[in-house]
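What you see is a predicted model; the values in this text were computed from it and never measured. Both backbone and side-chain heavy atoms feed into the values below; hydrogens, waters and symmetry mates do not. Positions are given from 1 along the sequence.
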Amino acid sequence: MGQVQVILPDGRSEKCEAGPPVSELLRRIDVDLEGRVVAARVGGKTVDLSAVPPAGTRIEAILIDSSEGLSILRHSTAHLMAAAVQQVYPGAKFAIGPPVEDGFYYDIDLPRPAAVEDLPVIEARMRALQAERLPFVRMEMPLDEAMRLMQEGGQTYKVEILETIRRYGTSRPDAVEELGKEAEAGEVVSLYRTGSFLDLCRGPHVADTSYLRAFKLTHIAGAYWRGDERNPMLTRIYGTAFPTAEALEQHLHRLEEAKRRDHRRLGRELELFSIEDEIGPGLVLWHPKGALVREVIETFWRQEHRRRGYQLVYTPHVARAHLWDVSGHLSWYRENMFSGIEVEGQQYLVKPMNCPFHILIYRSQTRSYRDLPLRLGEMGTVYRYERSGVLHGLLRVRGFTQDDAHIFCRPEQLEGEVADVLEMALAMLRAFGFTEHHLVLSVSDPDRMSKYAGSEGEWRRAEAALETVLEKSGMVFERVKGEAAFYGPKIDVSLVDVLGRRWQCATIQVDFNMPERFDLGYIGEDGRSHRPLMVHRALFGSLERFFGILIEHHAGAFPVWRPRFRSWSFRSPSGTRHTPRRWRIAWRRPACGSRSTIGTKRSDIGFARRR
């Protein structure tokens, strides 16, 4: 019959006779793995433990506490929750229920409104189902048959997903991904049954509900179907799951701490910023105290960039539509741009990005190889349309300022420039108290090179340069195939905050596309014209988002060399006797680099200190 190779989590390798399912093969090798392994990779594809691997394949066990294992555990818990909801709310219609970082959610069209008070009822039903050790049964069937089953069950959202798959097939897998990666595009689709609950899903899942020992439903929110406010508003139920009760308890403690550190609450209480309905959602007002913190950040940023050879520029907030046509934004980014403004028969658009402006500064004169590298930096404010349902304080807005820069260099200068940017990014993040980082190198898919700009040779050289920089840095990094942007490979740097959450901030992206579209060149040593390489880079990402992260990381108590707002209260019968002295102290403090605010309202000391 042939053999299969089983790779255990500790690195051991065993040869076994093909035929039994993955679960049996693992049990024969090591009985202690039962309950610790939730799925396996067979021939590079992630499958259930019930899958029967063909002869000649390689099997890798996936542990429940690994990143991939946790995602599977949480996805299965989302199904368990849906099964419970189906019993608590007969007639419920289910949309999508994916795992997310630290948890899961399910978007559901409920027959009656739900409130936070209903979560314990759903949770109790989940625990009853979990105790029954219900298996997750995978079924594969023709798309039309799955469509019939979902229509009979009144699951209109699942029918829409299946219609999307039938309409686009494998030609537009992104259309399916928009729907939460519920199923793979193809003529045959997979479904999973958990008790009486049947769901369209690509899987994999845990073997049965006994694996789902530690879970908690956390909150309820509203979400438009497919994120479009023209579609029905669904009930989104959030939850989380962990392999053990101890890990769950630790996570719930972190959630409580996150609430205490919520930048939206602290921003209001510390009078740092606000977002007003009269102006519009996602548009931030920086109050004097918040503006002072921003000024400190910007000053530090500008000083560091000038010290490192950057030339700072300023560019307009709007440009003719033709510029965005040349850059390609109108063809691939139009839905994220705000509507145009008609001026003297010409359409102008507010900028979603700064790069075309920096390109035109580069192109404003003939460049020599001696001029390179040219580093142009800007605190550039941009505007991008985000659906109102995804806006979130400072972390997801419509108008924001990028700490943007673009480097134009010769190919042989790329490695050195990327190394300098990476060192600068890490140094600046550490300066703000972020000492732990996670690095990801996103490269091309060598089997799909036709979808990328630039030649394969250019890609290989650029990818090698970025990988060399990361290796020389001595930092651990993750190399992800197929995740590069269409225009070039990139390095993303995520900071890790005090609660262990990752926030992607810095990015270093090589671009083969823009220099071609704008016909950029420089005169080389040989007297001929050559195409420069272009590197997009940001260190904080955006000031708004970075400030939100900074507030939560420090819980509003910024390090001493950044603004800390302290008050002194002088009480006298008149309430005003010492006011002149207070103002003299306040005016002298800036001269030695300190900052202070003066309160002149008559109030008791306790109230003033609380405020």
Side-chain angles (χ1 to χ4, degrees), residues 41 43-46 143 161 164-189 202 322-337 352-353 355-356 359 406-415 417-418 439-470 477-492 504 507-521 529-537:
R41 274 182 296 276
K45 183 178 180 181
T46 309
L143 189 148
I161 294 172
T164 302
I165 296 171
R166 182 163 62 183
R167 186 179 308 122
Y168 298 111
T170 56
S171 65
R172 270 200 56 195
D174 59 306
V176 181
E177 289 174 6
E178 288 175 7
L179 297 168
K181 299 183 178 179
E182 288 292 290
E184 291 179 298
E187 291 301 316
V188 176
V189 297
R202 66 173 58 176
H322 175 70
L323 177 68
W324 307 108
D325 192 27
V326 174
S327 68
H329 286 88
L330 285 183
S331 59
W332 62 273
Y333 204 74
R334 185 66 182 91
E335 63 181 21
N336 298 103
M337 299 174 69
M353 297 182 185
C355 37
I359 288 171
H406 295 90
I407 301 169
F408 303 89
C409 64
R410 306 194 303 272
E412 63 270 22
Q413 296 171 323
L414 178 63
E415 184 179 323
E417 290 301 307
V418 171
L439 279 64
V440 176
L441 171 62
S442 298
V443 298
S444 63
D445 182 347
D447 298 325
R448 302 179 65 191
M449 289 308 298
S450 60
K451 75 172 189 175
Y452 300 108
S455 69
E456 186 167 355
E458 288 174 318
W459 273 85
R460 296 296 160 260
R461 288 189 290 273
E463 288 171 351
L466 268 58
E467 192 157 5
T468 299
V469 167
L470 290 170
F477 67 93
E478 181 182 0
R479 189 180 192 274
V480 185
K481 186 179 77 172
E483 289 299 311
F486 78 91
Y487 50 78
K490 63 177 180 173
I491 296 172
D492 288 324
Q504 196 270 305
T507 187
I508 309 167
Q509 304 179 358
V510 180
D511 190 340
F512 302 117
N513 182 52
M514 287 291 188
E516 193 73 31
R517 296 187 77 99
F518 283 91
D519 193 26
L520 301 186
S529 180
H530 298 268
R531 188 80 72 206
L533 287 180
M534 179 177 174
V535 179
H536 305 258
R537 46 113 295 186

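- C409 SG to E417 CD: the interatomic distance, rounded to the nearest 0.5 Å, is 6.0 Å.
- A donor-acceptor contact shorter than 3.5 Å links the side chain of Q413 to the backbone of R410.
- Between W459 and F486, the shortest heavy-atom contact is CZ2-O, 3.6 Å.
- By the side-chain contact (heavy atoms from CB on, under 4.5 Å) test, H530 is found to be paired with Y522, D526, R528, residues two or more places apart in sequence or in another chain being considered.
- In this structure, CZ on R479 lies 11.5 Å from CD1 on I491, to the nearest 0.5 angstrom.
- In this structure, the side chains of E415 and V469 come closer than 4.5 Å at one or more pairs of heavy atoms.
- To the nearest 0.5 angstrom, H536 atom NE2 is 9.5 Å from T507 atom OG1.
- In terms of heavy atoms, A453 sits closest to F512 at O-CD1, 3.9 Å.
- In this structure, CD on E483 lies 9.5 Å from CD on E478, to the nearest 0.5 angstrom.
- Across all their heavy atoms, L520 and R531 have their closest contact at O-NH1, 2.7 Å.
- When atom types are taken as modelled, the side chain of R517 and the backbone of V326 share a donor-acceptor pair closer than 3.5 angstrom.
- Between R461 and P411 the shortest side-chain heavy-atom distance does not fall below 4.5 Å.
- At a threshold of 4.5 Å between non-hydrogen side-chain atoms, the residues F477 and L466 do not count as touching.
- Annotation: side chain of V535 is not in contact with side chain of D511 (no heavy-atom distance under 4.5 Å).
- Applying the side-chain contact (heavy atoms from CB on, under 4.5 Å) criterion to S455, with sequence neighbours excluded, gives E458.
- Of all heavy-atom pairs between S327 and M514, the closest is O-CE, 3.5 Å.
- Using a 4.5 Å cut-off on side-chain heavy atoms (C-beta onward), V188 and L143 make no contact.
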Please tabulate, for side-chain N and O atoms in residues 439-447, each donor-acceptor pair with protein atoms closer than 3.5 Å (sequence neighbours left out).
residue: S444; atom: OG; partner: R460; partner atom: NH1; Å: 3.2
residue: S444; atom: OG; partner: E463; partner atom: OE2; Å: 2.8
residue: D445; atom: OD1; partner: D447; partner atom: N; Å: 3.0

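- Between A484 and P489, the shortest heavy-atom distance links the atoms CB-CA, 4.0 Å.
- Counting heavy atoms from C-beta outward, N513 and M534 have side chains that stay 4.5 Å or more apart.
- A centroid separation of 6.0 Å or more is found between the aromatic rings of W324 and Y333.
- The two residues K451 and G482 have their closest heavy-atom pair at NZ-O, 4.4 Å.
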- Message: Could you walk me through whether M353 and H329 satisfy the side chain to side chain contact (heavy atoms under 4.5 Å, CB included) test, starting with their C-alpha distance in whole Å, then the side-chain angles of each, then the deciding distance to 0.1 Å, before giving a yes or no?
- Response: CA-CA 9 Å; M353 297 182 185; H329 286 88; 3.1 Å; yes

